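Keep in mind that the numbers below use all heavy atoms, side chains included, and drop hydrogens, waters and symmetry copies. Order of the sequence lines fixes the chain letters, A, B, ..., with proteins taken first and strands second; residue numbering starts at 1 for each chain. Since this is a predicted model, take the numbers as computed values, not measurements.
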2 protein chains.
Amino acid sequence: MTSQRRVVAEVLAGDHVHLTADEVHARAVERLPEIARATVYNTLGELVALGEVVEFSTDGRAKRYDPNAHRAHQHLVCSGCGLIRDVRPAGDPLAVLPAEERFGFAVEKADVTYRGLCPDCSGAGG
Amino acid sequence: MTSQRRVVAEVLAGDHVHLTADEVHARAVERLPEIARATVYNTLGELVALGEVVEFSTDGRAKRYDPNAHRAHQHLVCSGCGLIRDVRPAGDPLAVLPAEERFGFAVEKADVTYRGLCPDCSGAGG
DNA sequence: TCTTGACTTGGACAAGGTCCATTGTAGGAT
DNA sequence: ATCCTACAATGGACCTTGTCCAAGTCAAGA
């Protein structure tokens with residue numbers, strides 16, 4: 001455990017945290033000015049491999065990193081402002097996929113992105 | 001409707017078609033050698049805006065384009081080889097998200113990516 | 001102190017995508 | 001038939017995101 005890795009882990013702490021790698025880097029630089037972008041990418045990759053952090057993407061652009069890895073959840077994304085919340089649907093998302101729709105796959109997980117407008121964006125007439 | 005746009009639309013025809021923009025461009029070039037990458041991006045963007053094509057991403061890298069836009073469906077992705085199938089889960093994926101998990105959002109849709117190994121990849125011991 | 005090995009750094013590089021000034025083109029007006 | 005005009009296509013610059021690698025740094029043990 002180096003100071004660089006500690007800073008990355010600290011930046012990711014908290015609930016409903018869904019930072020991109022560059023956002024993690026920007027916040028890490030505030031605490032450790034000379035930390036390199038490559039180090040942030042390396043450390044994030046290690047945290048994902050260890051299962052401490054979940055990697056996902058809501059827009060096909062930058063990947064995001066979610067420290068809430070020990071409680072299964074999905075993501076709810078505002079189509080207006082991009083706000084992301086962790087949500088827990090009822091039941092197992094895999095259960096609703098019938099065998100005849102599995103094409104012989106050994107299906108292991110389902111990643112769900114719910115989309116809609118958050119209270120601020122729908123109130124503003126968006 | 002120009003010849004360029006017609007070629008892009010033709011390339012996207014068919015079932016279980018999930019090409020990236022560059023793949024669309026490569027196939028379009030076979031039919032119309034001088035078509036520009038920017039034209040393919042522009043045309044794909046227009047088709048998405050018209051609702052004729054669905055844009056999605058399974059890996060946070062390249063966006064993919066699915067001409068099967070008029071029948072609601074989700075995607076099943078092989079974790080080994082990347083094969084993608086259109087699938088239709090039972091019921092409405094939105095129904096399983098309880099009101100207290102919606103955080104005041106006006107939730108409109110759910111994008112689901114099922115992941116697992118396809119018959120070829122699970123048989124090969126992957 | 002010297003060696004060793006893991007970690008970090010910075011810069012080059014690559015993929016995917018966007019932007020924009022210029023060029024091409026089809027159809028209506030003259 | 002020719003000119004005008006609006007819109008589409010082109011090609012290249014450029015941006016973002018991410019990966020790779022050679023060289024530098026550092027801490028711990030011999």
Check: Would you say the side-chain atoms of A:H25 pair up with the backbone N or O of A:E23, donor to acceptor, closer than 3.5 Å?
Finding: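 Not at all, since once roles are kept as given, no pair shorter than 3.5 Å links the two residues.
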
Notebook entry, point to check: Would you say A:E101's side chain and B:P89's backbone share a donor-acceptor pair under 3.5 angstrom?
Noted result: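 Here the side-chain-to-backbone pair does not exist.
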
Margin query: In terms of relative ring orientation, are A:H18 and A:H75 parallel, tilted or perpendicular, with 30° and 60° separating the classes?
Written below: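 The rings of A:H18 and A:H75 stand perpendicular, inter-plane angle above 60°.
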
Notebook entry, point to check: Distance check: side-chain N/O of B:T39 vs OP1/OP2 of D:dA8, anything under 4.0 Å?
Noted result: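 Checking B:T39 against D:dA8: no side-chain N or O falls below 4.0 Å of OP1 or OP2.
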
Checklist line | Phosphate OP1/OP2 of D:dT17 contacted by A:R37 side-chain N/O (<4.0 Å) | finding: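 The answer is no; no side-chain N or O of A:R37 sits under 4.0 Å from OP1 or OP2.
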
Next item on the list: Between A:E46 and B:R64, just flag the one whose closest nucleotide in DNA chain C comes earlier from the 5' side.
Entry: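 Counting from the 5' end, the first nearest nucleotide belongs to A:E46.
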
Take atom [atom1] of [X] and atom [atom2] of [N], then tell me their distance rounded to the nearest Å.
X: B:L32; N: D:dA9; atom1: CG; atom2: P; value: 10 Å
X: A:D59; N: D:dT17; atom1: CG; atom2: C1'; value: 11 Å
X: A:Y41; N: D:dT17; atom1: OH; atom2: P; value: 7 Å
X: A:M1; N: D:dA27; atom1: CE; atom2: P; value: 16 Å
X: B:R61; N: D:dG18; atom1: CZ; atom2: C1'; value: 8 Å
X: A:K63; N: D:dT16; atom1: NZ; atom2: P; value: 18 Å
X: A:L44; N: D:dT17; atom1: CG; atom2: P; value: 14 Å

Carboxylate-amine/guanidinium contact [X] [Y], below 4.0 Å:
X: B:D111; Y: B:K109; value: yes
X: B:R37; Y: B:D22; value: yes
X: B:E46; Y: B:R5; value: yes
X: B:R64; Y: B:E55; value: no

Note to self: Let me spell it out: for each of A:A21 and A:N42, pick the nucleotide of DNA chain D with the closest heavy atom. Which residue's pick is nearer the 5' end?
What the structure shows: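 In this pair, the answer is A:A21.
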
Checklist line | Span of DNA chain C, from the first to the last nucleotide whose atoms fall under 4.0 Å of chain B heavy atoms | finding: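 So the outermost contacting nucleotides come out as C:dG16 to C:dC19.
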
Checklist line | Closest to side chain of B:A36, choosing from D:dC20, D:dT10, D:dA8 | finding: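 Per side-chain heavy atoms of B:A36, the pick is D:dT10.
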
Next item on the list: Could you check whether B:A62 gets within reach of a base, just the sugar-phosphate, or nothing at all, counting any heavy atom under 4.0 Å?
Entry: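 Touches sugar-phosphate only.
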
